[in-house]
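Order of the sequence lines sets the chain letters (A, B, ...), proteins ahead of strands, with each chain counted from 1.
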Amino acid sequence: MPELPEVETTRRGIETHLTGVRVAEVIVRRHDLRQPVSKDLSTIEGRRFTAVRRRSKYLLLETDDAGTLLIHLGMSGSLRVVFPSDPWKLHDHVGITLDNGRQIRFHDPRRFGLVLRLTGDPMRHPLLKKLGPEPLEDAFTAGYLQSACAKRSAAIKGVIMDAKVVVGVGNIYASEALFRAGILPRTQARRISKVRLTRLVAASREVLTDAIQEGGTTLRDFLNSDGEPGYFKQRLFVYERKGQPCRVCATPIRHAVIGQRSTYWCPKCQK
DNA sequence: ACTGGCTCCTGAGGGC
DNA sequence: TGCCCTCAGGAGCCAG
């Protein structure tokens, strides 16, 4: 489910409920996520959350003296702000009760997500230390992308989805960014000129920024922390629009599986 | 160092 | 209604 805009939407939604608030109780109903939920999560009981950050598609819930909770939503995960008395839904796996009368509920049907407690510098954790730059920060430049693409014969779409190159660009926004940049998704990365990579950097930033503005994309089941969908689906140019007219030139949108992932493009607007 | 393929898991939707 | 098949927003791991 969630790509960077959806994770950022979630971060913003929980931040105000968490920051400065003390943890009353941690309830773990299922431990068997992608990695087992940390056995010692209850260590944060009685501690305060000091900040809610995001790195790539990971959420980092920092505490004052019990490390950082690292949460990843996988394909189907979400965090909701609820009341402790609200009934637990199927696939609600973790609840963090706060002393302000709310509870954060981690829900994840497919269980590809993560809930880990890290101690020390979280950026040195194996899951985080090899990540590429944030697409909305200054380090993601055309020059940087050009060097990352220089020796890669793989399709550009897969390269921009590679978290070692740049984080946060998932399957929806990779197709959307390539459309906005006018680049065919199968193009070999090393064959793309710097001018076109400059456009791709700008397009990636724009599509992610626009999607955050709309609260993310809800295709099937993404809900923000208040249980509301995102509205960016209406702004998608190509994703899940196979056979429908291009919003720019009316040519039917094409679809193929590229690198095991569903991919969409306009054969006229993209070269 | 890259590449493509496979895997984890559950649920939704389509075809018959 | 039910059954079977395909597909899904992530990303780590593997062999070649």
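The aromatic ring of A/F222 does not stack onto the base of C/dG9, failing the criterion of a centre distance under 5.5 Å from the six-membered base ring together with planes under 30° apart. Ring-base stacking between A/F112 and B/dC9 is not satisfied when judged by a centre separation under 5.5 Å and a plane angle under 30°.
One can place CD of A/Q35 at 14 Å from P of B/dC9, the figure rounded to the nearest angstrom. When the P atom of B/dT3 is taken as reference, atom CG of A/D162 falls 9 Å away, rounded to whole Å. To the nearest angstrom, C1' of B/dA1 lies 9 Å from NZ of A/K151. Protein atom OH of A/Y264 is 10 Å distant from nucleotide atom P of C/dC7, rounded to whole Å. Spacing between atom CD1 of A/I172 and atom P of C/dA11 amounts to 13 Å, rounded to whole angstrom units. When the C1' atom of C/dG9 is taken as reference, atom CZ of A/R111 falls 19 Å away, rounded to whole Å. Atom-to-atom, CG of A/L33 to C1' of C/dA11 comes out at 15 Å; the value is rounded to the nearest Å. Atoms CG (A/L70) and P (C/dA11) sit 11 Å apart, rounded to a whole Å.
Note: A/H255 and A/Y264 have tilted aromatic rings, judged against thresholds of 30 and 60 degrees for the angle between ring planes. Ring geometry for A/H72 versus A/Y58: interplanar angle over 60°, hence perpendicular rather than tilted (30 to 60°).
Under the 4.0 Å criterion applied to side-chain N and carboxylate O atoms, A/E62 and A/R47 are not assigned as salt-bridge partners. The pair A/E8-A/R11 counts as a salt bridge, with a side-chain nitrogen and a carboxylate oxygen less than 4.0 angstrom apart.
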Write out a two-atom table: protein N or O, nucleotide N or O from nucleotides 12-14 of chain C, distance below 3.5 Å.
unit_1 : atom_1 : unit_2 : atom_2 : d
C/dG12 : OP1    : A/Y58  : OH     : 3.4
C/dG12 : O4'    : A/R34  : NH2    : 2.8

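Interatomic distance, A/R105 CZ to A/R29 CZ, rounded to the nearest 0.5 Å: 7.5 Å.
The base of B/dG11 does not come close enough to the side chain of A/R220 for any donor and acceptor atom to sit less than 3.5 Å apart. Side-chain atoms of A/E6 stay outside donor-acceptor range of the base of C/dG9, with no qualifying N/O pair under 3.5 Å.
Looking at DNA chain C, the stems built from 3 or more consecutive Watson-Crick or G-U wobble pairs, each pair with its key distances under 3.5 Å, are B:2-8 with C:10-16, B:10-16 with C:2-8.
A residue-by-residue look at A/L90 and A/Q260 shows that A/Q260 has its nearest nucleotide of DNA chain B further toward the 5' end.
A heavy-atom distance below 4.5 Å is found between the side chains of A/I156 and A/I192. Within the 4.5 Å cutoff, no side-chain heavy atoms of A/L116 are placed close to those of A/L41. In this structure the side chain of A/P185 never reaches within 4.5 angstrom of the side chain of A/S175, judged on heavy atoms. Proximity of A/L69 to A/L118: side-chain heavy atoms (C-beta onward) are nowhere separated by under 4.5 Å.
In this structure, A/Y239 reaches the sugar-phosphate backbone alone: every heavy-atom distance under 4.0 Å involves primed, P, OP1 or OP2 atoms, never a base. Heavy atoms of A/I258 sit nowhere under 4.0 angstrom from any nucleic acid atom.
Remark: A/S153 is in phosphate contact with B/dT3, judged by side-chain N or O atoms under 4.0 Å from OP1 or OP2. Taking 4.0 angstrom as the limit, A/S262 places a side-chain polar atom (N or O) nearer than this to OP1 or OP2 of C/dA8. When the side-chain nitrogen and oxygen atoms of A/H72 are compared with OP1 and OP2 of C/dA11, one or more of them lie within a distance under 4.0 Å. Residue A/R110 places none of its side-chain N or O atoms closer than 4.0 Å to OP1 or OP2 of B/dG11. An OP1 or OP2 oxygen of C/dA11 is reached within less than 4.0 angstrom by no side-chain nitrogen or oxygen of A/R261. Taking 4.0 angstrom as the limit, A/H91 places a side-chain polar atom (N or O) nearer than this to OP1 or OP2 of B/dG11.
For the P atom pair drawn from B/dC6 and C/dT6, the interatomic distance equals 14 Å after rounding to whole Å.
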* To do: Take A/D210 and A/R235 through the salt bridge (charged side-chain N to carboxylate O under 4.0 Å, His left out) test and state the conclusion after the steps.
  => CA-CA 9 Å; A/D210 292 352; A/R235 306 252 191 279; over 6 Å; no
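For A/Q213, the CD atom is loosely surrounded, since the number of other residues' heavy atoms within 6.0 Å does not exceed 12.
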